[in-house]
Peer 1: 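Right, I'll just put the structure down here and ask away after.
Atoms considered below: every heavy atom in the structure, side chains included; atoms not considered: hydrogens, waters and symmetry mates.
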Amino acid sequence: MSDTNVPNIARNGGPGPPGTATPAPDAASPASAADRRPSVRYEALRFPGCRRIPLTRDEFESSDDRIEYWDARAETAWVVADNYGVHEGTSRRLPHLAERIASVRGAPIVSFGSVTLLVRDADGEPRRAMEADETLYLHPTRSATPRQSLVVGEHDFPDVVLEVDYTTDVRPGKLLLYEAWGFPELWVIVPPEGASPRRPAGVTIHRLRDARYRSMPASGAFPGWTAAEIFDAMTERTPSAATCRVLERVGRALGARQGTGPADDPLSRVLIAEGRSEGRAEELAAAVESLLRVRGLAFRPELSRATASLGDVPRDAVMAAAYACTDEADFWHRLGLPAR
């Protein structure tokens with residue numbers, strides 16, 4: 001049996017854009033993206049940091065193991081040998097960072113976590129699979145997103161896939177498959193705990209160009225977000241002030257692409273309104289105090305805190321009461337409010 005809806009990697013074939021069914025070759029084009037897709041020898045793939053186990057198709061469909069890669073024909077799977085908290089903790093930081101970017105952008109960004117990436121054979125049966133560490137969709141409302149497994153050729157690819165190399169190394173295995181299957185952008189992070197003299201800590205951004213991955217200094221999906229900034233954000237226990245400024249910058253750049261901003265995000269819209277109300281109340285309190293002082297009227301130091309509660313009272317009414325009142329008690333009486 002041969003794979004379907006997926007590049008024929010062993011024989012240098014391939015489909016069109018990510019997430020679409022394989023189209024007929026374009027005769028007018030001397031070299032389509034499909035023609036340029038890299039070939040991969042499946043039997044030569046390696047998965048450092050994983051242990052090899054026998055796994056039939058039936059066992060695969062009911063397995064709860066963390067499977068890096070599975071091959072139905074070989075009835076073999078590779079599972080992560082040591083699944084430490086560093087690995088999971090690092091990968092889970094990304095959706096939290098994406099949520100902050102989404103609030104500034106004013107449009108949702110959805111994470112599907114460590115979803116299974118599945119290739120079916122010509123009969124529709126599972127043929128190959130591997131598991132991503134994290135997946136992000138920038139346009140979830142208009143993308144064909146997975147409900148369970150992400151089926152190559154049926155669902156749209158995520159805008160970003162993340163792999164965490166703590167005890168593993170994706171380069172001789174998963175990286176080659178991501179490239180050959182056509183995933184547009186892959187981030188690989190080596191956390192400080194997993195660094196070595198031969199492989200330093202950091203983030204590498206692989207972006208698909210002419211059907212081949214190219215290492216880039218910055219993301220294409222998240223405009224201007226550099227590999228160094230991503231690494232800093234994903235290795236901080238809590239986002240620093242510098243990281244928050246970066247997230248705001250990236251969110252605004254994304255929003256500029258589609259004409260959205262913080263006011264389009266429900267939570268950000270509430271916070272913006274609250275901030276405006278608080279700022280108005282503080283400004284109004286200062287104006288009342290200044291006017292009473294000019295008029296030579298005594299007032300308690302607590303008046304500033306009390307007048308700050310007047311955010312919902314029309315400004316004209318507050319200032320009229322401050323102009324006409326004879327003392328602090330009269331000020332509140334003219335507003336129809338009990339003395340504070």
Side-chain angles (χ1 to χ4, degrees), residues 1-16 18-22 34 36-83 87 91 112-135 146-158 161-184 186 188 206 208 211-213:
M1 293 184 290
S2 62
D3 300 348
T4 187
N5 290 330
V6 65
N8 195 334
I9 301 173
R11 295 187 293 278
N12 292 320
T20 61
T22 305
R36 295 190 297 271
R37 286 205 187 281
S39 61
V40 172
R41 291 172 53 223
Y42 285 115
E43 67 276 8
L45 297 175
R46 294 187 297 112
F47 304 93
C50 300
R51 56 188 175 89
R52 181 174 178 166
I53 63 171
L55 199 71
T56 66
R57 180 174 287 155
D58 288 341
E59 291 170 336
F60 164 74
E61 292 186 309
S62 61
S63 174
D64 292 327
D65 283 330
R66 176 61 185 268
I67 295 174
E68 285 286 279
Y69 176 67
W70 170 76
D71 188 307
R73 187 172 299 168
E75 294 190 338
T76 301
W78 284 258
V79 298
V80 177
D82 296 301
N83 198 4
H87 182 281
S91 67
F112 281 85
S114 55
V115 67
T116 296
L117 314 174
L118 181 66
V119 173
R120 298 190 184 278
D121 62 21
D123 297 322
E125 296 294 332
R127 175 67 183 88
R128 307 181 193 279
M130 64 178 177
E131 190 164 341
D133 287 336
E134 193 62 63
T135 51
R147 293 186 177 180
Q148 294 179 337
S149 298
L150 188 159
V151 181
V152 176
E154 295 182 16
H155 297 115
D156 287 323
F157 287 158
V161 175
L162 172 73
E163 287 288 341
V164 180
D165 273 354
Y166 174 43
T167 59
T168 55
D169 186 345
V170 301
R171 292 175 296 180
K174 296 179 78 174
L175 175 65
L176 304 178
L177 293 174
Y178 279 121
E179 179 184 59
W181 292 354
F183 282 74
L186 170 68
V188 180
H206 302 276
L208 208 62
R212 298 276 182 167
Y213 274 149

Peer 1: Out of curiosity, E68 CD to L45 CG, how far, rounded to the nearest 0.5 Å?
Peer 2: 12.0 Å

Peer 1: Quick one: pull up CD1 in I67 and CZ in F60 and give me the separation to the nearest 0.5 Å.
Peer 2: 5.5 Å

Peer 1: Quick one: list whatever passes side chain to side chain contact (heavy atoms under 4.5 Å, CB included) with A72, sequence neighbours left out.
Peer 2: R57, W70, R127

Peer 1: I need the minimum non-hydrogen distance between W78 and C50, along with the two atoms involved.
Peer 2: CB-CB, 4.0 Å

Peer 1: Which atom pair, heavy atoms only, marks the closest approach of D156 to L150?
Peer 2: O-CD1, 4.0 Å

Peer 1: Can you find a pair of side-chain heavy atoms, one from Y42 and one from R128, that are under 4.5 Å apart?
Peer 2: yes

Peer 1: Could you tell me the separation between the CZ atom of R52 and the OG1 atom of T76, rounded to the nearest 0.5 Å?
Peer 2: 4.5 Å

Peer 1: With a 4.5 Å heavy-atom cut-off, do H206 and Y178 have their side chains touching?
Peer 2: no

Peer 1: Locate the shortest heavy-atom distance separating L55 from E59; write the atom from each residue and the value.
Peer 2: CA-OE1, 3.4 Å

Peer 1: Between NZ of K174 and OH of Y69, what distance do you get to the nearest 0.5 Å?
Peer 2: 12.0 Å

Peer 1: List the atom of P126, the atom of E61, and the distance in Å for their closest heavy-atom pair.
Peer 2: CG-OE2, 3.4 Å

Peer 1: How long is the span from the CG atom in L118 to the CD atom in Q148, to the nearest 0.5 Å?
Peer 2: 10.5 Å

Peer 1: Is it the case that the side chain of D121 and the backbone of D123 share a donor-acceptor pair, with hydrogens and angles ignored and the cut-off at 3.5 Å?
Peer 2: yes

Peer 1: For the pair D169 (side chain) and G49 (backbone), establish whether a donor and an acceptor sit closer than 3.5 Å, ignoring hydrogens and angles.
Peer 2: no

Peer 1: Classify the ring geometry of F157 against F183: parallel below 30°, tilted from 30° to 60°, perpendicular beyond 60°.
Peer 2: parallel

Peer 1: Would you mind reporting whether F112 and P158 have side-chain heavy atoms less than 4.5 Å apart?
Peer 2: no

Peer 1: Hey, are the side chains of F47 and M130 touching, using non-hydrogen atoms and a 4.5 Å cut-off?
Peer 2: no

Peer 1: Check whether S149 reaches the backbone of L117 with its side chain - one donor and one acceptor, N or O, closer than 3.5 Å.
Peer 2: no

Peer 1: Please give me the minimum heavy-atom distance between P48 and P172, naming the atom from each residue.
Peer 2: CD-CG, 3.6 Å

Peer 1: Measure across L208 and A211 and return the closest heavy-atom pair with its distance rounded to 0.1 Å.
Peer 2: CD1-C, 3.8 Å

Peer 1: Can you tell if the side chain of E131 reaches within under 4.5 Å of the side chain of S114, non-hydrogen atoms only?
Peer 2: yes

Peer 1: Can you tell me how far apart CG (L176) and CZ (R46) are? Round to the nearest 0.5 Å.
Peer 2: 9.5 Å

Peer 1: Do Y166 and H87 make the cut of ring centroids closer than 6.0 angstrom?
Peer 2: no

Peer 1: Would you say V79 and R66 make side-chain contact, with heavy atoms under 4.5 Å?
Peer 2: no

Peer 1: Counting distance only, does the side-chain N/O of D133 pair as donor-acceptor with the main-chain N or O of S91 below 3.5 Å?
Peer 2: no

